[in-house]
Amino acid sequence: MTEDGGGTDLIPGLDDVPRVPADKAPQGKGAGGKGGRKAPKKGARRPAEERPVARVAVDMSLPHLDRPFDYLVPVELDAKAVPGCRVRVRFAGQLVDGFLLERVEESGHDGKLLYLERVTSPEPVLAPEVASLAREVADRYAGTFADVLRLAVPPRHARVEAEAVEEDAGEERVPAAEGENPWAEYPAGVSFLNALSEGRAPRAVWTALPGPEWAAAIARAVAVTLEAGRGALVVMADGRDVARVDAALKAELGEGRHVALTAELGPAERYRRWLAVLRGKARAVVGTRAAMFAPVADLGLVVLWDDGDDVHAEPHAPYPHPREVLALRAHRTGAGALIGGFTRTTDATVLVETGWAHALAADRTRVRRAMPRVRYMGEDAQLARDAAARTARLPNLAFEAARGALEHGPVLVQVPRRGYVPGIACGRCRTPAHCAACQGPLALPSSHAAPYCRWCGRIAGDWHCPECGFFQLRAVVVGAKRTAEELGRAFPGVPVRTSGREAILERVGPERALVVSTPGAEPPAEDGYAAALLLDGWVLLGRPDLRAGEETLRRWMNAAALVRPEGPVVVAAEGALPEVQALVRWDPVTYAERELAERREAGFPPAARMASLTATPAAIRELLADARLPDGAEVLGPVPVPRQPGAEGPEKERALVRVPRAAGAALARALKEAQGIRSARKATETVRVQVDPLELI
DNA sequence: GACGGTAAGCTA
DNA sequence: AGCTTACCGTCC
């Protein structure tokens with residue numbers, strides 16, 4: 001992996017030499033209709049004098065038609081038919097949308113060429129860098145160019161496009177805020193910034209110190225990049241993180257030099273801002289995953305924060321991941337890259353181990369100064385001696401930590417999402433089921449396993465109801481709300497607030513309060529939390545997912561990073577677990593390195609490359625029969641997949657194809673080719689192909 | 001996927 | 001013969 005000049009963007013697969021001169025193609029009357037049955041729709045048409053051939057990416061996501069098609073540019077559209085503009089063409093007899101990729105003198109096509117039907121808009125919305133990026137992303141994910149373009153180019157909003165371009169606010173660049181440099185906390189931080197300001201391409205996997213400084217650090221890196229005359233692109237997991245970086249950028253850059261792109265803006269405003277980027281009015285972008293394709297000109301820096309968050313994963317085909325897309329962009333444009341978070345994913349660890357990026361972290365002394373004091377409560381957790389806490393069934397350690405901390409400010413309580421932890425109650429009298437040992441609430445990890453205690457984790461195999469003696473259990477929904485009620489009773493007089501999927505708190509004040517939140521919805525507290533309780537570690541860790549461990553650590557650290565330095569954090573899990581040890585020592589890097597080593601041992605991603613094929617068993621078999629899989633490929637399964645709620649049709653199965661990491665590109669190519677064979681053959685059932693699927697096992 | 005060409009199948 | 005339906009190659 002070396003740097004490559006990103007400026008010239010020949011689209012791979014587009015560069016075959018045109019052989020047939022355009023004048024062999026039908027001119028004017030010839031094109032309209034032969035034999036006079038159908039009258040020519042337009043009068044005699046004439047191709048443009050210069051570069052009369054337009055290569056068009058038609059909006060068709062069929063794998064076997066995933067290549068450009070040539071059309072003639074009629075003279076009257078000569079001026080409007082610019083590379084990157086939206087066009088409408090006749091394709092297989094029907095009118096379809098497309099993008100004009102380039103204008104050339106001659107076509108390589110032997111047959112007749114049709115004329116462009118119209119230029120939808122002369123706005124060159126498909127920037128050359130984005131076009132070639134989209135081609136590469138499509139190939140990487142065994143998907144089509146058209147599918148990627150649907151993600152990369154927002155739908156047109158004609159009124160917004162026509163709006164008079166507002167005059168520059170004229171605001172002279174605000175000098176970067178002269179506060180202390182957040183990067184000074186990191187030994188390699190300053191040299192990272194220097195490399196950006198010298199226009200080089202530093203690439204770092206950044207383990208951020210706990211606390212709120214990360215947003216300012218990102219903003220500073222962006223500011224330095226802009227000062228050096230290049231653009232910057234920042235991708236965040238959700239709108240709240242976007243808002244934080246947006247605010248930090250405003251503080252750093254002033255108004256008008258960057259835009260925030262999120263889905264909540266609505267189509268008009270979103271398109272307005274996106275156009276501002278395209279037209280070079282804004283040189284920096286912060287946004288959620290769709291922004292990964294934003295047409296930032298002369299890219300100097302890409303940033304991805306919290307790359308392990310599963311909301312980064314694009315749910316639409318071909319399911320590209322921003323980490324991959326931004327890495328590709330940085331690589332091909334010579335931009336710097338910053339992949340940061342409080343934790344470290346195994347995927348980012350691969351980037352470090354292969355030498356693509358450097359690790360950027362603070363030294364231990366600073367980490368120790370900034371990190372919380374983490375305690376754990378395992379099976380031996382003792383019930384609180386305090387009477388009120390005893391009625392609330394809170395283990396002593398958690399109770400004492402919270403009670404002490406509430407003197408100094410808010411306490412964060414992290415509980416898994418509603419439905420994540422199915423609570424249980426007596427099947428007859430509906431009394432909630434509690435642990436015989438510590439009186440914590442019982443829950444069922446899955447329908448087959450025995451109930452366990454949400455506080456202490458002890459398995460409760462021989463439960464019977466203390467009220468009525470019944471021994472069968474029924475599921476009840478337990479979520480943050482219920483936990484909030486239980487906690488409220490343990491701390492009378494302390495306000496309890498909840499933050500979850502439906503009602504997310506933006507932030508909380510410095511006053512004492514219990515803040516019960518689901519993972520990812522934790523509101524930052526002004527001046528930080530005085531303490532945090534991380535409950536239900538067993539459920540998170542017990543999930544049957546390859547990434548359960550790293551994901552649990554990520555959730556814990558993201559919550560614990562909101563606690564004041566040296567504040568207490570109590571985690572409900574066994575101290576011997578590697579995730580707990582990593583949290584206690586605040587050392588996500590060693591954890592990720594070990595985890596990656598284990599994956600390598602077991603042949604799992606990201607040490608190996610995988611693709612999942614989801615379809616009926618017959619369709620999977622056919623696809624695999626057509627696919628010339630690379631050497632060393634191994635097919636696992638297929639196994640039945642649980643039916644999606646509301647899904648129609650026959651039972652689906654899923655097969656996994658595993659290859660050595662180096663064969664990833666060959667795997668994608670083989671699957672794409674096999675999909676092409678299938679679609680050309682008009683196979684009725686489609687196979688969903690997902691390269692690097694997020695959820696595994 | 002949608003079109004249009006050709007081949008096979010049915011109605012007089 | 002004259003119409004339908006079925007299949008399949010092509011789509012610029």
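Below, read A as the first sequence line, B as the second, and so on, with proteins coming before strands; counting in each chain starts at 1.
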Short N/O separations, protein against nucleotides 6-10 of chain C, under 3.5 angstrom:
unit_1	atom_1	unit_2	atom_2	d
dG9(C)	N7	Lys682(A)	NZ	3.2
dG9(C)	O6	Lys682(A)	NZ	3.0
dT10(C)	O4	Lys682(A)	NZ	3.3

For this session: Can you tell me the distance, in whole Å, between the CG atom of Leu114(A) and the P atom of dC12(C)?
Result: 5 Å
For this session: With sequence neighbours excluded, tell me which residues meet side chain to side chain donor-acceptor pair (under 3.5 Å) with Thr686(A).
Result: none
Problem set entry | Contact list for residues 298-317 of chain A, test ring-ring contact (aromatic ring centres under 6.0 Å, His included), sequence neighbours left out | Trp206(A)-Trp305(A), Trp214(A)-Trp305(A), Trp305(A)-Phe342(A)
For this session: Give the rounded distance in Å between these two atoms: CG of Leu62(A) and P of dA2(B).
Result: 9 Å
Using a 3.5 Å cut-off and no angle test, enumerate the donor-acceptor pairs between side-chain atoms of residues 624-637 of chain A and protein atoms at least two apart in sequence or in another chain.
unit_1	atom_1	unit_2	atom_2	d
Asp626(A)	OD1	Arg681(A)	NH2	3.4
Asp626(A)	OD2	Arg681(A)	NH1	3.2
Arg628(A)	NE	Glu673(A)	OE1	3.3
Arg628(A)	NH2	Glu673(A)	OE1	3.4
Arg628(A)	NH2	Glu673(A)	OE2	2.9
Glu634(A)	OE1	Arg658(A)	NE	3.1
Glu634(A)	OE1	Arg658(A)	NH2	3.2
Glu634(A)	OE2	Arg658(A)	NH2	3.1

Exercise. Leu65(A) CG to dC12(C) P: how many Å, rounded?
Worked result: 10 Å
For this session: Assign the ring pair Trp356(A) / His331(A) to parallel, tilted or perpendicular, where the plane angle (0 to 90°) is split at 30° and 60°.
Result: tilted
For this session: In whole angstrom, give the distance that lies between atom CZ of Phe69(A) and atom C1' of dC12(C).
Result: 6 Å
For this session: Could you name each residue pair satisfying side-chain hydrogen bond (donor to acceptor under 3.5 Å, both in side chains) that touches residues 290-299 of chain A, not counting sequence neighbours?
Result: none
Exercise. Listed by chain and number, what are the ring pair (Phe, Tyr, Trp, His ring centres under 6.0 Å) partners of Tyr319(A), not counting sequence neighbours?
Worked result: none
Exercise. Expressed in angstrom and rounded to an integer, what is the separation of Asp97(A) atom CG from dG1(B) atom C1'?
Worked result: 15 Å
For this session: Find the distance Arg678(A):CZ to dG1(B):P and express it as a whole number of Å.
Result: 11 Å
Problem set entry | Nucleotide dG1(B), atom P - distance to CG of Asp147(A) in whole Å | 13 Å
For this session: Round to a whole Å and report the spacing from CG of Asp59(A) to P of dC12(C).
Result: 16 Å
